[in-house]
Amino acid sequence: MTTLERLTEALHSSTGQFLLVVLVVMVGPLLAGRIRLPGLIGLILGGFLIGPTGLGLTGEDPGTVDALGALGLLFLMFLAGLELDLVLFARIRTRALVFGVLTFALPMALGLVGSVRAGFTGAAAILIASFWASHTLVSYPIAQRFGLTGTRPVTTAVAGTVITDTLALGVLAYVSTVVGTDASGWQAMLSLVIGLSTLAAYSFLALPLLGRWWFRGPGRSGSLRFLFAVAACYSAGVLAEGLGVDAIVGAFFAGLGVNRLVPRDGALADRLEFVGSTLLVPFFLVSVGLLIAPSVLAQLSTLVLAA
């Protein structure tokens, strides 16, 4: 094996892929800023360049980048719940609910029409339509950078995102249960309701109790409090997946659960925001770039469908 082949193999390893992501996080936003584009565009395009459909620097299996991206997405949702202004949310909860239902129902209806016109019927059409009806907070870091996370529009959008994802998850649970098993639709929905209720009990009752005990007792140091917040985020994600609920819903619920334990202007909030904005959330945005396929993106049918 030549030196070049060994270097290529090392670059495709977990360590090499981690290095590539860190380099993209360092350089991508700087280059995007030079041409007056948001930094997240640089991260997404950088992910495309290092990925299999770009220069192929990660190799054919960018598993480490995908894993880092999944961790970053959960942390992004956790931060969204943590930074949500609960007092403001209480005042606009009706508006947030209406917004969430509309941002689910309208794309779902259009997706059904598009799926049927594309030749899909029944459960397949419903499943494809649900893809359009869910979304993630990809642009949330921009709101963070401009200090807009406590405003009414951002609070409404964050709450609406969780509502749309939960409703889309209900569609997925219904379709997968009815098509893949002998269970009925109501059994699928009952399972989802039980899962969400259990997750809510853990996030809104157990985590605050554990957090208050930890902060007053063993976890008085800043590092231990930081580790508790991280454990809260990912334990809720693991529990959610075990209950058949999407992990991002669990991470968001965990952020809401410990919201009152982490003052916005405190040292712990600063540490969490620093780690999220410096590493974990950029990892997610880089992993999004791996999904870009130029051969598909350039097709007229893709552009028409996107429009």
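Fair warning: this is a prediction, and the values are worked out from it, not measured in the lab. All values below were derived from every heavy atom in this structure, side-chain atoms included, with hydrogens, water molecules and symmetry-related copies excluded.
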Apply the test side chain to side chain contact (heavy atoms under 4.5 Å, CB included) to residues F204 and L256: give CA-CA distance (whole Å), side-chain angles for both, the deciding distance (0.1 Å), then the verdict.
CA-CA 7 Å; F204 303 143; L256 290 177; 3.6 Å; yes
Can you check whether F283 reaches L43 side chain to side chain, under 4.5 Å on heavy atoms?
no
Search all heavy atoms of S277 against all heavy atoms of P282 and return the closest pair with its distance.
O-CG, 3.1 Å
In the single-linkage hydrophobic clustering (I, L, V, M, F, W, Y; side-chain heavy atoms under 4.5 Å), do I44 and L49 co-cluster?
yes
Between I163 and L167, is a side chain to side chain contact (heavy atoms under 4.5 Å, CB included) present by the stated rule, with each step listed?
CA-CA 6 Å; I163 292 170; L167 292 173; 3.9 Å; yes
Give the C-alpha distance, both sets of side-chain angles, the deciding distance and a yes or no for side chain to side chain contact (heavy atoms under 4.5 Å, CB included) between E60 and H12.
CA-CA 8 Å; E60 293 299 320; H12 294 173; over 6 Å; no
Quick one: does R93's side chain get under 4.5 Å of L97's, heavy atoms only?
no
For the student: nearest non-hydrogen atoms of A125 and S115, plus distance
O-OG, 3.6 Å
Between atom CG of L11 and atom OG1 of T58, what is the distance when rounded to the nearest 0.5 Å?
8.5 Å
Would you say I50 and L55 make side-chain contact, with heavy atoms under 4.5 Å?
no
Any side-chain heavy atom of F48 within less than 4.5 Å of one from L290?
no
Is there a path of hydrophobic side-chain contacts, each under 4.5 Å between heavy atoms of I/L/V/M/F/W/Y residues, joining I35 to V24?
yes
Cluster overlap V281 with F274, hydrophobic side-chain contacts below 4.5 Å:
yes
Are R95 and R152 packed together at the side-chain level, in the sense that at least one heavy-atom pair is separated by less than 4.5 angstrom?
yes
CG (L127) and CG (L112) are apart, to the nearest 0.5 Å, by 11.0 Å
In one Ile/Leu/Val/Met/Phe/Trp/Tyr side-chain cluster, 4.5 Å: I142, V25:
yes
Non-hydrogen side-chain atoms of L45 and I41 separated by less than 4.5 Å
yes
Any chance you could measure L73, atom CG, to F284, atom CZ, to the nearest 0.5 Å?
4.5 Å
Nearest-0.5 Å distance, CH2 of residue W213 to CG of residue L210:
7.5 Å
Which residues share a side chain to side chain donor-acceptor pair (under 3.5 Å) with S235, sequence neighbours left out
Y202
Do L280 and L76 have side chains that get closer than 4.5 Å, going by heavy atoms?
no
Minimum heavy-atom separation for G160 to T103, with atom names?
O-OG1, 4.4 Å
Measure the spacing between OH of Y234 and CG of L74 and express it to the nearest 0.5 Å.
6.0 Å
Starting from F99, can I reach M108 by hopping between I/L/V/M/F/W/Y residues whose side chains sit under 4.5 Å apart?
no
Do you know the tightest heavy-atom contact between P107 and A133?
CB-CA, 3.9 Å
When the aromatic ring centroids of F252 and F78 are compared, is their separation below 6.0 Å?
no
Check whether T164 reaches the backbone of T161 with its side chain - one donor and one acceptor, N or O, closer than 3.5 Å.
yes
Can you list, pair by pair, the side-chain donor-acceptor contacts under 3.5 Å of residues 239-249, counting residues two or more places apart and other chains?
residue	atom	partner	partner atom	Å
D246	OD1	I248	N	3.0

From L279 atom CG to L68 atom CG, the distance as rounded to the nearest 0.5 Å:
9.5 Å
Smallest separation among heavy atoms of I292 and T53, with atom names:
O-OG1, 2.6 Å
Could you list the donor-acceptor pairs under 3.5 angstrom formed between side-chain atoms of residues 217-232 and any protein atom two or more places apart in sequence or on another chain?
residue	atom	partner	partner atom	Å
R220	NE	R216	O	2.7
R220	NH2	R216	O	2.7
S221	OG	S223	OG	3.4
S221	OG	L224	N	3.4
R225	NE	G219	O	3.0
R225	NH2	F215	O	2.9

Which heavy atom in A129 sits nearest to a heavy atom in G111, and how many Å separate them?
CB-C, 3.6 Å
Sub-3.5 Å donor-acceptor pair from the side chain of Q17 to the main-chain atoms of D61, do we have one?
yes
